[in-house]
Amino acid sequence: MSLFWDNINIKFLQGIGEQRAKLIVSELGIISYHDFVRYYPYKYIDRSKVYNISEITNDSLTYIQIRARVIAMQTIGIGRKMRLQVTVQDATSRAELVWFRGVEWAAKRIEIDREYIIFGRPTFFNGRLNIAHPEMDIPMSAAALQKMGMHGIYSVSERLNKSGANSNIIQSVIHGLLKSGAQHIEETLPEWFLQKYNLISLKESLINIHFPQSNELLSAAQYRIKFEEFLVIQLSILRQRSIRVTQYQGYMFPKIGDAFNTFYNENLPFELTNAQKRVVKEIRQDSITGRQMNRLLQGDVGSGKTIVAFLAMLIAIDNGFQCCLMAPTEILATQHYHSLLEMSEGLNITIDLLKGSTTKRKRASLTESLASGEINILISTHAVLEDYVVFKSLGLVVIDEQHRFGVEQRSRLWRKSTLAPHILVMSATPIPRTLAMTIYGDLDVSIIDELPPGRKEIKTLLMNDSRREQVFGFMRQQIALGRQIYIVYPMIKESEKLDYKNLEEGYDSITRAFPMPQFNTAIVHGKMKAADKEISMQQFKNHEAQILVATTVIEVGVNVPNATVMIIESAERFGLSQLHQLRGRVGRGGEQSYCVLMAGYKLSVDSRRRLEAMVETSDGFELAELDLKLRGYGELEGTRQSGDMFDLNLASVSRDNELMIFVREVCEELLADDPLLEREDNSLFKALTESKSAGKVVDFSTIS
Ligand code: ADP
Ligand code: MG
């Protein structure tokens, strides 16, 4: 867009001013006029239409408006469980209005026997129309309503609301912007493209998304904007991929040598599954193309990704290169270190470990032997990213549980060798295909879709908090059988204090129920020193402790095959993929394993569905799909997730799935005969990939 839209002095806009401008920047991330006009309503009200209550049926529109009189009102319950119930009536029927939040505030505002214009989302309960948290206005004339037409509602934060910058203010600012700026809106897509895919112009879209002139135009505007959002992302990803494939050289690993052969033929502790064999082959093929490998290795928890990575490392070593295995936590790095040491016995390779807590002296000797090439495999946390860490010849980087590593961190790794090292990203978070396509669109994907033989399905139980005694009894049985138990507590920044209190109380009650010296309970959490954490983990690993009480620090990768029970406290507070990860900590040996989800009675519909899904299936991909759906549902409710990896203002990966796949195909077609978008007639598309929103796309191939 033109210079007009780059303007960043939003404080001069009518209705904003210095203070609000600051808040708008910090709360909504709106910096320029451009950002402002792309801050879209999250819902619309058709204020011209007032329904009779009796007209509204189960399959009514998302939002409706009625005009009715309050005939009864009552608050039910106390404290956090308090709700306000209001009965209203029009000439045709009655409806119930309910508030679960802001009860007192709402109760004060609403008067018995008064008439209101009531707007909200209809649901039905026992055949009666229900509206939760409706908006209430005093009645206005039909003409006044008519004039309002389709009215956009903008989400604003609590703080903004308090400062007076409510949805209406945002709307009037945008109105002003469009009035003076509409002539400066430059089309971002070529005319033939608009025609071919039936897209309306950008100008028309922006005007109608904020101030819809009709339902049809609103839909057309939404479609065009979503289309473009996906287009930017997919074009950027695919173009980057072309750049990587055509321009970046990678190291060649032509040889299979002593290290690999000795291990494969003599030390392999078990037969590889077919899936593991296939993935090793895929990696091997990547490493002889002369191009840099960027591969995502997906495999459910316990599917055996580590050994695959180890085999890949042995190939690199056989070709004279060093490897680095990065883990997100010290616990996990340490654990990898021990298991790789064990696997490499008799192989004549040197493995070392670098952590944040590694002493200065050890660091000095370590850097020396890294730079001289003496160390073949370095296992490390993000400590490896420090500039002082220099390799002689880094050929392969394996990143375990990569979702915890940022893009910037990754590109710092790249700088540690002449050519970009081959990259193998291991992830146990099953990602639905469509999402993977967006997030990891630039990577090749290998999937281990087979568990090692002999694994028993983990039995998952949903238990009410009140049945704790029973759970203790079960724990005693398992301990008597010689097994070990994890108990995990949620830990969230926002409620950290309370969470630590719960953790401590939980730990106390466990040590009372399982007293020393007969039992030993270890504990790990984020506030402990690294050394203490390690002691606890070692105690559990060595079976000196039967129970490990922990926060989610154990979520990723910990491997104690003798542990057969995973108890998750306040399970309703965990996300599905997190629950699945945690469950994957057990069932790693041959014994029957259990996952016990502890939860309260009162569960939201979504939490209940999550927990029931956990009980029903252990298929990570199935759970991931459901997770996406549930969270997608959350988005519908207007609680849009901010800080997303992508600049999707309007489009949603879950809701607009089909459109995303379609746009992906459109992009592939566009790039087919101009992979880098260099042709003059593709210049608009190239500009899109260089636009601000494209910059946020995860770039796996940046070399500084
Ligand atoms: P993850 O994919 O979750 O990282 P790991 O690599 O930690 O899984 O492997 C889980 C467990 O399964 C380990 O104890 C490992 O030794 C074992 N394992 C891996 N592959 C096989 C196999 N093919 N046969 C038997 N056990 C295996
Ligand atoms: Mg692992």
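Values below: all heavy atoms of this structure, side chains included; hydrogens, waters and symmetry mates excluded. Source: prediction; values computed, not measured.
- For Asn376, the side-chain contact (heavy atoms from CB on, under 4.5 Å) partners at least two apart in sequence or on another chain are Ile317, Ile349, Thr350.
- Across all their heavy atoms, Ile523 and Ser536 have their closest contact at O-OG, 2.8 Å.
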Would you be so kind as to tabulate the donor-acceptor pairs closer than 3.5 Å made by side chains of residues 388-399, with sequence neighbours excluded?
residue, atom, partner, partner atom, Å
Tyr388, OH, Arg363, NH1, 2.9
Ser393, OG, Gly320, O, 3.3

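- Counting non-hydrogen atoms of neighbouring residues, nucleotides and ligands closer than 6.0 angstrom, the CD atom of Glu544 exceeds 12 such neighbours.
- We find that Glu591 and Arg483 are joined by a salt bridge, their nearest charged nitrogen and carboxylate oxygen being less than 4.0 Å apart.
- No more than 12 heavy atoms of other residues, nucleotides or ligands lie within 6.0 Å of CG in Asp387, so this atom counts as exposed by the packing criterion.
- With 3.5 Å as the limit, one finds a donor-acceptor pair spanning the side chains of Ser466 and Asn464.
- Under the 6.0 Å distance and 45° angle rule, Arg476 counts as a cation-pi partner of Phe514.
- For His525 and Tyr500, the gap between ring centers is short of 6.0 Å.
- Applying the 6.0 Å contact sphere to NZ of Lys277 captures more than 12 heavy atoms from other residues, nucleotides or ligands.
- For Lys541 and Glu534, the salt-bridge test fails: no basic side-chain N is under 4.0 Å from an acidic carboxylate O.
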task: I would like to know whether Phe321 and His422 meet ring-ring contact (aromatic ring centres under 6.0 Å, His included); could you show each step before the answer?
output: CA-CA 11 Å; Phe321 288 94; His422 294 301; 8.1 Å; no
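- Considering every non-hydrogen atom in both Glu345 and Asn267, the closest pair reads O-ND2, 2.8 Å.
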field: Chi angles and distances behind the salt bridge (charged side-chain N to carboxylate O under 4.0 Å, His left out) call for Glu616, Arg609
entry: CA-CA 10 Å; Glu616 274 158 30; Arg609 272 187 72 186; over 6 Å; no
